[in-house]
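Note that the coordinates shown come from a computational prediction; the quantities given were computed from them, not determined experimentally.
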Amino acid sequence: MTKEEAIQIGHAMYAYEISEQADIESQNFDDLWQSIYDICQLSHFHILEDLESDELDQAITWLKETQSLTKKYQETEIYF
């Protein structure tokens, strides 16, 4: 998957819609990735109840598939 495809898919997810959308100003892929990661983490620990299980699964899969495209988060553990 290219970075452009990853951005398009990421922006289409509900997890992104309810995230801080930090990449809007910066146009930085790492900011997009971190926004979705944060939502997944909050949802996993039931701090945020907005995501259905299939939406959470979709977002986690996206994180795993796109982690190699990041600069700062290549070593970040996706433990949920």
Any side-chain to backbone donor/acceptor pair from Glu55 onto Glu52? Under 3.5 Å, distance only.
yes

Is Ser43 reaching over with its side chain to a backbone N or O of Ile39, donor-acceptor style, under 3.5 angstrom?
no

Hey, can you tell me if Phe45 and Tyr79 have their rings parallel, tilted or perpendicular (30° and 60° cut-offs)?
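Taking Tyr79 first and then Phe45, their aromatic rings sit tilted (interplane angle of 30° to 60°).
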
For the atom pair [atom1] ([X]) and [atom2] ([Y]), what is the distance rounded to the nearest 0.5 Å?
{"X": "His44", "Y": "Leu56", "atom1": "NE2", "atom2": "CG", "answer": "8.5 Å"}
{"X": "Lys71", "Y": "Trp33", "atom1": "NZ", "atom2": "CH2", "answer": "15.5 Å"}
{"X": "Leu51", "Y": "Cys40", "atom1": "CG", "atom2": "SG", "answer": "7.0 Å"}
{"X": "Asp31", "Y": "Thr70", "atom1": "CG", "atom2": "OG1", "answer": "11.5 Å"}
{"X": "Thr66", "Y": "Ile36", "atom1": "OG1", "atom2": "CD1", "answer": "7.5 Å"}

Do Tyr37 and Leu32 come close enough that some side-chain heavy atom pair is under 4.5 Å?
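No; the side chains remain at least 4.5 Å from each other.
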
Find out whether Gln67 and Leu63 are in side-chain contact, i.e. whether some heavy atom of one side chain is under 4.5 Å from a heavy atom of the other.
no

What closest approach, in Å, do Asp30 and Asn28 show between heavy atoms, and which atom pair accounts for it?
N-OD1, 2.7 Å

Do other residues, nucleotides or ligands put more than 12 heavy atoms under 6.0 Å from Glu75 CD?
no

Between side-chain atoms of residues 4-25 and protein atoms elsewhere (two or more places apart, or another chain), which donor-acceptor pairs fall under 3.5 Å?
unit_1 : atom_1 : unit_2 : atom_2 : d
Glu5   : OE1    : Thr2   : N      : 2.9
Glu5   : OE1    : Thr2   : OG1    : 3.4
His11  : NE2    : Asp23  : OD2    : 2.7
Tyr16  : OH     : Asp23  : OD1    : 2.9
Ser19  : OG     : Tyr16  : O      : 2.7
Ser19  : OG     : Gln21  : N      : 3.1
Gln21  : NE2    : Tyr16  : O      : 3.3
Gln21  : NE2    : Glu17  : O      : 3.2

Taking the six-membered ring for Trp, are the ring centroids of Tyr73 and Phe29 within less than 6.0 Å of each other?
no

